[in-house]
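Read through the structure below, which is laid out as structure tokens, and then see the notes.
Whatever order the structure lists them in is the order used to number ligands and atoms, beginning at 1. Since this is a predicted model, take the numbers as computed values, not measurements.
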Amino acid sequence: MKKIVITFLVILTVTPLFGKAEEGMWPALFLGRKIAEMQKLGVKLGAEDIYSITNSSLKDAVVQFGSGCTGVLVSETGLLLTNHHCGFAYIQKQSSLEHDYLTHGFWARSVEEELPNPGLTVAFLVRMEDVTARVMEGVSPAVSEQDRNAGIKKNIEQIEKEAVKGTGFEAKVKPFYYGNQYFLYISEVFKDIRLVGAPPSDIGSFGGDTDNWAWPRHTGDFSVFRIYASKENKPAEYSKDNVPYKPKKYLSVSLKGVEKGDFTMVLGFPGTTREYLTSYGIDLIAYKENPLKVSFRQKRLDIIEAAMSADAQTRIQYASKRARIANGWKKMIGESRGITRLAAMENKHDQEKGFNAWAIADPEREKKYGLLFQTAQNIYQRMYPFDLAGIYITEGFQGIELLTFAGSFKDIIKQSSQKNVNQSDLIKLSEKLKAASHTFFKDYQQNTDKQVAYALLEKISKDMDPSFKPDYFIQVEKKVKGNWEEFVNGLFSASIFADSSRLFKILSEPGAKTIKKLGNDPAYLLAASASGIMDKKVSPLILECNRKIDSLQRIYTEGLMACQKDKTFYPDANSTFRIAYGKVDDYSPADGINYSYFTTTKGILQKENPDIYDYIVEPRLKTLITSKDFGQYADKDGTMHVAFTASNHTTGGNSGSPVLDGNGRLIGLNFDRNWEGTMSDLQYDPDQCRNIVLDIRYCLFIIDRFAGDQRLIDEMKLVKE
Ligand code: ARG
Ligand code: GLU
């Protein structure tokens with residue numbers, strides 16, 4: 001009887017948490033187990049059509065783009081689509097005052113005009129393989145965690161080396177379920193990737209940060225690249241003799257459009273999720289880390305935004321800095337709100353109760369899992385003050401540009417204080433720093449940074465746990481007695497790092513003595529003191545605790561799988577190739593509000609505001625919209641669709657991911673998530689979590705009608721139904 005009750009309890013409390021139809025980002029080797037369900041939902045393909053190592057399959061048309069995005073092949077000559085925000089840095093690097101491609105867009109009219117991008121790579125998945133047994137070879141379960149990790153590391157190195165011997169491929173073994181399983185990934189990395197096309201930013205980033213993480217959306221978030229290869233169609237460093245790559249597979253592009261309920265599938269390289277954390281982990285992120293980070297960022301954003309709206313130059317200088325600060329800020333606010341709304345803590349508590357009941361019903365299990373949550377609680381408790389202190393340093397001290405800049409001189413200052421200073425090393429380092437300093441001062445407003453410094457130092461002084469305060473800061477605190485404004489004024493007028501001409505003079509004649517003096521600069525001393533606390537006190541303990549948490553998580557996920565043997569658990573995202581499936585779907589963010597699942601160009605004109613940078617509408621786009629010049633890309637009813645929402649489980653790294661219909665045709669490019677659903681990195685809610693997709697027809701419309709780049713349209717395979 002007891003057993004029945006417990007099983008029932010476990011089913012009741014554990015099952016509902018994982019495994020809703022749309023939840024999960026599946027590794028390719030799991031397709032065999034998932035394909036039947038996918039077919040029920042509408043996919044017309046077999047597992048082998050999506051991932052095969054003998055025949056070409058959909059995975060051969062998808063690449064990891066750079067280190068943090070995804071891209072998709074759409075022609076037999078290596079044409080690739082990704083997001084505008086994924087190509088942004090490269091478009092920016094190609095831009096100058098005379099050729100401002102960010103502002104005006106860029107369209108190569110011939111292969112010769114396509115622009116190389118040093119440093120940009122794309123990686124294809126060649127194959128994946130379960131190597132758990134080999135990774136665990138000779139690693140006894142009885143050994144300490146440390147020995148265990150050392151044994152695993154050695155095996156992994158061996159496996160990676162052997163796997164690619166003589167092939168030119170790259171190999172990486174990745175842990176899954178916190179090390180309950182290991183998969184080997186072999187990839188082919190191409191290094192000559194050229195820019196082919198990009199819309200102007202007022203299309204590619206339309207809505208900017210105001211609309212970021214939000215629905216409804218009207219952003220034409222795409223850019224076009226091409227992969228180049230050697231004459232043998234193999235990866236090669238940039239050379240003008242390279243030729244367009246011939247992919248094993250590229251996608252057909254659908255002109256059909258989508259309707260609510262249609263099957264959708266996202267292939268790509270999602271970065272990080274943490275779906276199996278304990279309640280203690282969720283509590284730390286959602287209720288402790290996020291609010292503290294947000295409060296620091298809020299202060300910076302308030303000051304930066306005021307400065308940007310008061311001064312045109314500041315607006316340009318701080319645009320991308322602000323975007324970076326705001327992207328995380330908004331995500332964290334949404335995530336914590338979503339966790340509360342979803343009652344995620346309560347869900348986790350119930351799940352933990354159910355798990356415990358299952359564990360203690362059997363003596364063996366009790367031995368293994370009985371103390372799990374208690375131990376987790378202890379570790380999180382121990383880590384907590386250190387974790388917060390780390391945030392005071394990274395978001396606080398390091399949120400002050402001057403301090404971070406001064407801190408970047410650590411190496412050269414160290415060099416200069418050595419006994420036998422190597423002059424040529426000094427010159428090399430100072431050349432690098434000179435370049436970095438030019439970049440720094442180009443986008444720097446001292447007044448803005450001063451205000452930030454004033455606000456952040458005051459907050460640190462008031463709120464930071466005194467036992468973690470850096471020594472130098474404590475000395476300063478004693479002297480300034482709360483008058484941070486005065487301190488900041490003094491700091492900025494005394495510091496060489498705040499005076500570009502003095503600094504450049506030193507860097508131009510880098511003598512050991514003068515450089516050594518930089519080590520006594522007050523901005524440097526403050527920065528070094530803060531990073532000293534981080535390196536010596538905070539990071540080591542966090543690292544140690546995280547290792548322990550990882551091994552607890554390994555035991556916990558193993559237990560979860562043991563108590564629900566029939567269920568297939570999806571592993572957390574870890575920047576490897578994944579498949580997410582779901583359907584085109586709308587949602588209701590609040591009582592009384594229903595969002596439509598798609599947007600049209602009508603919304604672009606509604607949002608238009610020539611006074612707000614994010615809502616400036618390109619005049620030529622406006623003409624096309626008002627004259628309804630949509631060509632073959634219009635929807636059945638003659639409107640031009642821009643974006644739609646679907647219920648695919650996605651995360652950062654899925655940007656630029658192809659969104660496919662049931663036939664494997666390209667219907668859109670993933671580019672964001674809705675704000676109400678951003679907690680899906682910790683817990684997914686089918687009711688609220690939506691990925692935001694650029695309708696591929698809007699992308700084609702811009703290429704064809706707006707840019708007139710027929711060459712690219714002709715290259716793609718468009719299908720009507
Ligand atoms: N929120 C998206 C992501 O996490 C888009 C970021 C770029 N867009 C922007 N408006 N800042 O990457
Ligand atoms: N914008 C994100 C990216 O660049 C994708 C949105 C998400 O986090 O889901 O990867």
Side-chain angles (χ1 to χ4, degrees), residues 22-25 62-72 81-92 102 198-199 201-223 264 266-275 297 301 304-305 318-335 338 572-575 578 580 582 607 612-616 643 645-659 668-682 684-685 688-694:
E22 295 104 333
E23 182 173 352
M25 307 169 195
V62 185
V63 293
Q64 185 162 36
F65 182 87
S67 55
C69 279
T70 302
V72 59
L81 298 177
T82 185
N83 287 148
H84 186 261
H85 78 262
C86 294
F88 193 90
Y90 305 99
I91 306 166
Q92 184 171 43
L102 262 191
S201 285
D202 51 20
I203 291 175
S205 309
F206 183 77
D209 281 312
T210 318
D211 287 2
N212 189 23
W213 293 117
W215 182 256
R217 204 59 164 274
H218 299 86
T219 316
D221 199 344
F222 78 93
S223 56
T264 56
V266 176
L267 308 188
F269 294 83
T272 310
T273 60
R274 291 176 284 185
E275 311 282 345
R297 287 183 182 219
L301 287 170
I304 291 172
E305 278 163 16
Y318 278 72
S320 91
K321 288 185 206 176
R322 201 206 81 93
R324 229 173 308 132
I325 303 167
N327 193 35
W329 164 84
K330 199 163 178 181
K331 156 89 197 291
M332 288 185 273
I333 297 174
E335 184 172 79
D572 272 316
N574 59 358
S575 296
R578 300 296 175 95
K607 281 179 178 171
I612 299 178
Y613 181 77
D614 287 344
Y615 293 130
I616 294 169
T645 50
S647 59
N648 302 285
H649 193 178
T650 54
T651 188
N654 271 126
S655 276
S657 287
V659 181
L669 294 177
N670 190 73
F671 71 96
D672 212 357
R673 258 178 297 165
N674 64 330
W675 199 52
E676 298 82 2
T678 43
M679 70 300 190
S680 66
D681 291 347
L682 303 173
Y684 179 89
D685 177 8
Q688 290 296 308
C689 293
R690 298 291 175 267
N691 58 323
I692 299 180
V693 185
L694 170 69

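Numbered from 1 in the order shown, with element, the atoms of ligand 2 that lie under 4.0 Å from a heavy atom of D672 read 1 (N), 6 (C). Taking every heavy atom of G208 and a limit of under 4.0 angstrom, the matching atoms of ligand 1 come to 10 (N). Numbered from 1 in the order shown, with element, the atoms of ligand 2 that lie under 4.0 Å from a heavy atom of H85 read 1 (N), 3 (C), 4 (O). For ligand 2 and F671, the ligand atoms under 4.0 Å from any heavy atom of the residue are 1 (N), 5 (C).
Between F206 and H218, the angle of the ring planes goes over 60°, which puts this pair in the perpendicular group of the 30/60° scheme.
Between D672 and ligand 1, at least one pair of N/O atoms sits closer than 3.5 Å. Close N/O approach between N670 and ligand 2 is not found [any backbone or side-chain N/O within under 3.5 Å]. Between G68 and ligand 2, no N or O atom pair is found at a separation short of 3.5 Å. For C69, no nitrogen or oxygen atom sits less than 3.5 Å from a nitrogen or oxygen atom of ligand 2, counting backbone and side chain alike.
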Worked check of side chain to side chain contact (heavy atoms under 4.5 Å, CB included) between D681 and R673: CA-CA 11 Å; D681 291 347; R673 258 178 297 165; 3.0 Å; yes

Using the rule given for side chain to side chain contact (heavy atoms under 4.5 Å, CB included), can you reason through I91 versus S223, listing the C-alpha separation, both sets of side-chain angles and the distance that settles it, and then say yes or no? CA-CA 9 Å; I91 306 166; S223 56; 4.2 Å; yes

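Contacts between W213 and ligand 2, counted as non-hydrogen atom pairs separated by less than 4.0 Å, involve the side chain only.
Every heavy atom of K331 sits 4.0 Å or more from the atoms of ligand 2.
Nearest protein neighbour of atom 12 (O) of ligand 1, counting heavy atoms only, is H85 NE2, 3.6 Å. Summary of contacts: the protein heavy atom closest to atom 8 (N) of ligand 1 is N212 OD1, 3.9 Å.
The backbone N or O of P270 lies less than 3.5 Å from no partner atom in the side chain of T651, so there is not a single donor-acceptor pair.
Of all the listed residues (T219, N327, D211, D209), D209 holds the heavy atom that lies closest to atom 11 (N) of ligand 1.
A donor and an acceptor atom, one from each side chain of N327 and W213, are located under 3.5 Å apart. Side-chain polar atoms of H85 and D221 form a donor-acceptor pair below 3.5 angstrom. Residues N691 and N670 bring a donor and an acceptor atom of their side chains to less than 3.5 Å of each other.
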